[in-house]
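So the structure is just underneath, and the comments pick up after that.
Predicted model, so just to flag it, every value in this text is computed and none were measured.
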Amino acid sequence: MVSLRCTTAHHSLLGSPTCLARPRRRACPVVRAAVAVEAGAQAKVSLIRIGTRGSPLALAQAHETREKLKATHSELAEERAIEIVIIKTTGDMILDKPLADIGGKGLFTKEIDDALLQGRIDIAVHSMKDVPTYLPEGTILPCNLPREDVRDAFICLTANSLAELPAGSVIGSASLRRQSQILYRYPSLKVVNFRGNVQTRLRKLKEGDVSATLLALAGLRRLNMAENATAVLSVEEMLPAVAQGAIGIACRSNDDKMMEYLSALNHEDTRLAVACEREFLAVLDGNCRTPIAAYAYRDNDGNCSFRGLLASPGGSKVFETTRSGPYSFDDMVEMGKDAGHELKAKAGPGFFDSLQ
């Protein structure tokens, strides 16, 4: 299993990991406009500049955000009202090392956060599982789009499942969360570091670098590439990363107009589930060296069902817990916090020391 690509933040940080998730509506001040100049044409005013990484998946998420904004605000449907600004992050540039060795999850968001705080973009679109536990001071995350399928996809050219792989088979994954859960159930397999965007990893698989790999089904679906999945793993077999499948959109905490735009897009069930899972993560102080998984969802009775997992990277130790309760912000935050404290106590201080 994988840790969430790390949760270490790289800025001065703000309050609880869930306070950033409360959408707020305020009076609407003047929209801060950005100027985008076309070659040979007059200057055009962009009402919103969306900051994003440049991978195909990140761009698909930015385009989804743009289309939702255009559909909910008529002034944003005008030509060039929304500009997409690609920002290269350190994590995108260093692909030959495990995330834990180059500084953690904030490497996929730091440069975008900087652009937001410096006023070079107006909103930032993130995969929530890449967002550090605490947001940089001066930013807020008032919006989660509807969550995609949280499950992981098994992709292999020679077997239909992990159980069918012969002993010694090599699985490519940069995720300690996936690694620990794979090795816990199938200790005869081997997991190696395997980074790059979806297309790169599929190409490496076809070239025979590894026997199989696991990818988030949400990413494959957003890229219209779900047909590449050999099988979809149940959450019982592979518990997802915290906030897997969720898109988060951040803005400056003093930008009332952007918060108004984003509040119209917020999907409340997703926001509450993400808040619950991130509170669990925050208690465990998860980072790229800590395999952590969690999943909160609305069950058939309308309540919140939660499952959390903490493990050693090699899968020799796995601690799990479950919770259920009302599907409300305060109850779910408390649920995640309580579950985190339980597993932290079960693991003991020596467990975390061994991961450093």
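- Note on Leu57 and Leu59: separate hydrophobic clusters, where clusters join Ile, Leu, Val, Met, Phe, Trp and Tyr whose side-chain heavy atoms are under 4.5 Å apart, directly or indirectly.
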Exercise for the section: Take Leu220 and Ile155, measure what side chain to side chain contact (heavy atoms under 4.5 Å, CB included) needs, and give me the verdict at the end. Expected result: CA-CA 11 Å; Leu220 292 174; Ile155 305 174; 4.1 Å; yes
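- Side chains of Ser324 and Cys304 form no contact here, defined as non-hydrogen atoms less than 4.5 Å apart.
- A salt bridge between Glu320 and Arg307 is present, with a side-chain N of the basic residue lying under 4.0 Å from a carboxylate O of the acidic one.
- In summary, the side chains of Asn197 and Thr200 do present a donor paired with an acceptor at a separation below 3.5 Å, with no hydrogens or angles considered.
- Listed for the Ser55 side chain is a donor-acceptor partner under 3.5 Å among the backbone atoms of Ala58.
- Side-chain atoms of Phe154 and Asn160, non-hydrogen and from C-beta on, never get closer than 4.5 Å to each other.
- Formation of a donor-acceptor pair under 3.5 Å by the Arg147 side chain with backbone atoms of Gly245 is not found in this model.
- With Gln179 contributing its side chain and Pro313 its backbone, the two residues share a donor-acceptor pair below 3.5 Å.
- Expressed to the nearest 0.5 Å, how far CG of Leu47 lies from CG of Asp122 amounts to 9.0 Å.
- The minimum heavy-atom distance between Glu237 and Gln181, with the atom names listed, is O-OE1, 4.0 Å.
- Not a single donor-acceptor pair under 3.5 Å links the side chain of Ser169 to the backbone N or O of Leu165.
- Distance check, rounded to the nearest 0.5 Å: NE2 of His73 to CD1 of Ile82 gives 9.0 Å.
- Residues Leu76 and Val125 fall within the same hydrophobic cluster, defined by Ile, Leu, Val, Met, Phe, Trp and Tyr side chains chained together at heavy-atom separations under 4.5 Å.
- Here the side chains of Arg151 and Pro240 are not in contact, with every heavy-atom distance at 4.5 Å or above.
- Electrostatic pairing of Arg252 and Glu137 does not count as a salt bridge here, judged by no charged N lying under 4.0 Å from a carboxylate O.
- Without hydrogens or angle criteria, Asp338 side chain to Met335 main chain gives no donor-acceptor distance under 3.5 Å.
- Contact check for Val242 versus Arg278: side-chain heavy atoms found under the 4.5 Å cut-off.
- Within the model, atoms CG of Asn303 and OH of Tyr327 stand 11.0 Å from one another, a figure rounded to the nearest 0.5 Å.
- The closest side-chain heavy-atom distance from Ile171 to Leu162 is below 4.5 Å.
- Cluster annotation: Phe280 is connected to Phe352 through the hydrophobic network of ILVMFWY side chains, with a link wherever side-chain heavy atoms come within less than 4.5 Å.
- Residues Ala311 and Val318 approach most closely at CB-CG2, 3.9 Å, considering heavy atoms.
- Within the hydrophobic cluster formed by Ile, Leu, Val, Met, Phe, Trp and Tyr side chains joined at under 4.5 Å, directly or through other members, Val232 is accompanied by Leu217.
- Residues Pro291 and Leu310 are not in side-chain contact: their nearest non-hydrogen atoms beyond the backbone lie 4.5 Å or more apart.
- No side-chain donor from either of Asn144 and Thr270 sits under 3.5 Å from a side-chain acceptor of the other.
- Residue pairs meeting the salt bridge (Lys or Arg N to Asp or Glu O under 4.0 Å) criterion with at least one partner in residues 210-223, sequence neighbours excluded, are Glu64-Arg222, Glu148-Arg221.
- In terms of hydrophobic clustering, with Ile, Leu, Val, Met, Phe, Trp and Tyr side chains grouped at heavy-atom distances under 4.5 Å, Ile247 and Val198 are assigned to different clusters.
- Side-chain contact between Arg271 and Phe329: present, with at least one pair of heavy atoms (C-beta onward) separated by less than 4.5 Å.
- Geometric assessment of Lys204 against the ring of Phe194 yields a positive cation-pi assignment under the 6.0 Å and 45° thresholds.
- The line from CE of Met332 to SG of Cys276 is 5.0 Å long, rounded to the nearest 0.5 Å.
- Between Asp256 and Met259, some side-chain heavy-atom pair lies under the 4.5 Å cut-off.
- A pairwise comparison of heavy atoms in Thr109 and Asp130 identifies CG2-O, 3.6 Å as the closest pair.
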Practice task
Could you walk me through whether Val85 and Thr52 pass the side chain to side chain contact (heavy atoms under 4.5 Å, CB included) test, one step at a time?
Solution key: CA-CA 6 Å; Val85 179; Thr52 177; over 6 Å; no
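- Side-chain contact of Arg323 with Thr321: a donor-acceptor pair under 3.5 Å is present, judged by distance alone.
- Contact record, Met258 with Ile123: SD-CG2, 4.0 Å, taken as the closest heavy-atom pair.
- A side-chain donor-acceptor contact under 3.5 Å links Gln244 to the backbone of Val150.
- The two residues Asp113 and Pro136 have their closest heavy-atom pair at OD2-CG, 3.4 Å.
- Taking OG of Ser312 as the start and CZ of Phe319 as the end, the distance is 7.5 Å to the nearest 0.5 Å.
- Of the N and O atoms on the side chains of Tyr261 and Glu75, at least one donor lies less than 3.5 Å from an acceptor on the other residue.
- Annotation: Tyr184, atom OH; neighbour count of heavy atoms from other residues, nucleotides and ligands within 6.0 Å does not exceed 12.
- Considering every non-hydrogen atom in both Ile249 and Pro142, the closest pair reads O-CD, 3.3 Å.
- By the criterion of side-chain heavy atoms lying less than 4.5 angstrom apart, applied directly or through intervening Ile, Leu, Val, Met, Phe, Trp or Tyr residues, Leu233 is grouped together with Val191 in one hydrophobic cluster.
- Separation of atoms SG (Cys156) and CD (Glu164) is listed at 8.5 Å; rounding is to 0.5 Å.
- One finds no salt bridge joining Asp114 and Arg120 here, because no Lys/Arg side-chain nitrogen approaches an Asp/Glu carboxylate oxygen to under 4.0 Å.
- In this model, a donor atom of one side chain and an acceptor atom of the other lie less than 3.5 Å apart for Gln61 and Ser127.
- Salt bridge present: Lys257 and Glu260 bring a charged side-chain N and a carboxylate O closer than 4.0 Å.
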